[in-house]
2 protein chains.
Amino acid sequence: MGRAQAINDDELLKQLTATFREVGYEAASLSLLAEAAGLKKASLYHRFPGGKEEMAQAVLRSASEWLDVHILQVLEGDGPPEERVTRALDTLRNFYAGGKQACLLNMLAAGHITRNAFTPMITTMFDQLILGFAKVARDAGQDEAQSRMAARRAVMLLQGSLVMARGTGDPSPFDEALEMIHSSLLGEGA
Amino acid sequence: MGRAQAINDDELLKQLTATFREVGYEAASLSLLAEAAGLKKASLYHRFPGGKEEMAQAVLRSASEWLDVHILQVLEGDGPPEERVTRALDTLRNFYAGGKQACLLNMLAAGHITRNAFTPMITTMFDQLILGFAKVARDAGQDEAQSRMAARRAVMLLQGSLVMARGTGDPSPFDEALEMIHSSLLGEGA
DNA sequence: GTCTATAGGAAGATAGAC
DNA sequence: GTCTATCTTCCTATAGAC
C-alpha cells in the first residue's frame with residue numbers, strides 16, 4: 001500500500017454530506033467538495049471513481065443508514081409511544097440544527113442529473129420514514145387510516161418547515177413543525 | 001428602434017420561470033434558459049444585463065404578482081370562506097400541475113448565490129401567503145392563534161408535499177396536502 | 001432587438017510522479 | 001493514497017455586425 005489515508009471514510013462522508021446539504025447537488029463543485037474534505041480533486045476521484053454522482057450516492061447511502069439506526073429503530077422500538085416520538089424528534093431537531101440546516105433529500109432532488117439517479121433511494125427513505133411514523137402512531141392508539149395519514153403529514157411538515165426555514169432564513173417554522181408532528185402522531189387533536 | 005421582439009416579456013418570463021422551476025437556479029444554465037426562450041444567449045443579456053441573477057429576480061417578481069392576483073386576492077375576498085379556500089386551492093392545484101411541478105421558492109433557495117440575493121423576496125412571499133391563509137381561517141370562525149397556526153401549517157404542507165412529490169416522482173402527496181389544508185383552514189377537526 | 005463569434009474562467013475528469 | 005499538471009467541455013459574459 002501507498003501513503004496513509006489523510007481522512008477516513010466516515011469523516012470524509014461527513015464533510016461531503018455537509019457540503020451537499022449546504023449548497024445542493026449542482027452548486028457542490030468538486031473544488032468545493034475537495035476543500036471541505038481537505039483533499040485535492042484527484043484524491044476525491046481516487047476514492048470515488050464515478051465522480052460527483054458517486055459521492056452523492058454514497059452520501060445518500062450513509063444517510064439511509066443513519067436514518068435506520070437513529071430514527072426508525074427508535075420509532076419502531078418497544079418503549080411507550082410518547083417516549084419514542086419524543087426521542088426521535090429530539091434527534092431530528094439536533095440533526096437539522098433546529099431548522100438551520102437543510103435536508104439532503106430535498107437538496108439532492110434539484111438539478112438535471114437527479115431525476116433518474118437519486119429518485120429510488122430518496123423514495124425508499126421517505127417510505128421508510130412514513131412507515132416508522134405510522135407504526136408509532138398505531139401503537140399510540142390511532143387506527144390504520146389515521147396513522148397512515150398522520151405519518152405522511154409528519155413528513156410533509158418536516159420537509160415543508162425546512163423549506164420555509166431555509167427560504168426565509170428563520171429557523172422557527174421547524175420547531176413549530178416538530179410540535180405539530182408530536183401531537184399529530186400521538187393523536188392529540190388532529 | 002431595431003428589430004422587433006421575437007418574444008414578448010410575459011411569454012419570456014413564463015419560459016424562464018418554467019426552466020428555473022424544473023431544474024433549479026444552478027442547473028439553469030444560460031444555454032438552457034436561452035433555448036427555452038427561443039433566443040440566443042446574447043439576446044437574453046440584452047433583456048437582462050444583470051445576467052442569470054437578474055432573470056431570477058424578474059421571475060420572482062412576476063411570481064409575486066401572480067400570487068397576489070390569483071391567490072391572495074381570492075383568500076382575502078368577501079365570499080364565503082369555504083368558497084374562497086376551494087377556489088384558491090384549485091388554482092394552486094392547477095399551478096403546480098397536481099404536484100408534478102416544483103415550487104419556484106424552493107428551487108431558488110438552493111445554491112450559493114441564493115442565501116443573500118433571493119431571501120428578501122422569498123420571505124415576503126411566504127409571509128403574504130401566511131397572512132392570506134390566516135385571514136380566511138379567521139373569517140371561517142377560528143380564533144387568532146388557531147388561524148395563525150393553521151396558516152403556517154398550510155404553507156408547510158404545501159411545500160413539504162411538493163418536496164415529497166418531486167423526490168419520489170409520485171405527485172399524490174400534493175393532493176393529500178390540499179385536502180389537509182382545506183380542513184385545517186376551515187377548522188374541521190384540526 | 002437579435003445574431004455570430006469569442007473572450008476568459010471554472011467545471012468535471014484523467015495521467016502520471018511520488 | 002495523494003499530489004501537480006493538464007485536458008476538454010461548458011459556463012458566464014462581452015464585442016460588434018446587421
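In the text below, chain A, chain B and the rest are named by the order of the sequence lines, each starting its count at 1. Heavy atoms only: backbone and side chains are in, while hydrogens, waters and symmetry mates are out.
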Worksheet item: Checking Arg21(A) against Phe95(A): charged group under 6.0 Å from the ring centre and within 45 degrees of the axis?
Response: yes

Practice prompt. Taking the six-membered ring of Phe118(A) (Phe, Tyr or Trp), confirm whether the NZ or CZ of Arg61(A) is under 6.0 Å from its centre and within 45° of its axis.
Written response: no

Using whole Å, report how far [atom1] of [X] lies from [atom2] of [N].
{"X": "Glu54(B)", "N": "dA13(D)", "atom1": "CD", "atom2": "P", "answer": "11 Å"}
{"X": "Lys40(B)", "N": "dC3(C)", "atom1": "NZ", "atom2": "C1'", "answer": "8 Å"}
{"X": "Phe48(B)", "N": "dT14(D)", "atom1": "CZ", "atom2": "P", "answer": "15 Å"}

Worksheet item: According to a strict under-4.0 Å criterion, is His46(B) in side-chain N/O contact with OP1 or OP2 of dT2(C)?
Response: no

Worksheet entry | dG1(D) phosphate, OP1 or OP2, under 4.0 Å from Ser43(A) side-chain N/O | no

Fill in: Test side chain to side chain donor-acceptor pair (under 3.5 Å) applied to Ser31(B) - qualifying residues, sequence neighbours left out
none

Fill in: Sub-4.0 Å heavy-atom contacts from residues 8-19 of chain B onto DNA chain C, ordered by number
none

Worksheet item: In a check of side chain to side chain donor-acceptor pair (under 3.5 Å) between Ser184(A) and each of Glu179(A), Gln142(A), Arg153(A), which one passes?
Response: Arg153(A)

Worksheet item: Quick one: what's the B/S/- string for nucleotides 7-17 of chain C, heavy-atom cutoff under 4.0 Å, read 5' to 3'?
Response: ----SBBBB--

Discussion item. With a 3.5 Å distance limit and no angle check, can you tell me whether Arg93(A) reaches the backbone of Asp175(A) through a side-chain donor-acceptor pair?
Written reply: no

Fill in: Ala151(B) to Phe133(B) - nearest heavy-atom pair and separation
CB-CB, 3.5 Å

Worksheet entry | Heavy-atom check, side chain of Asp9(B) versus side chain of Arg47(B), under 4.5 Å | yes

Worksheet item: Just wondering, more than 12 heavy atoms not from Asn8(B) lying within 6.0 Å of its CG?
Response: yes

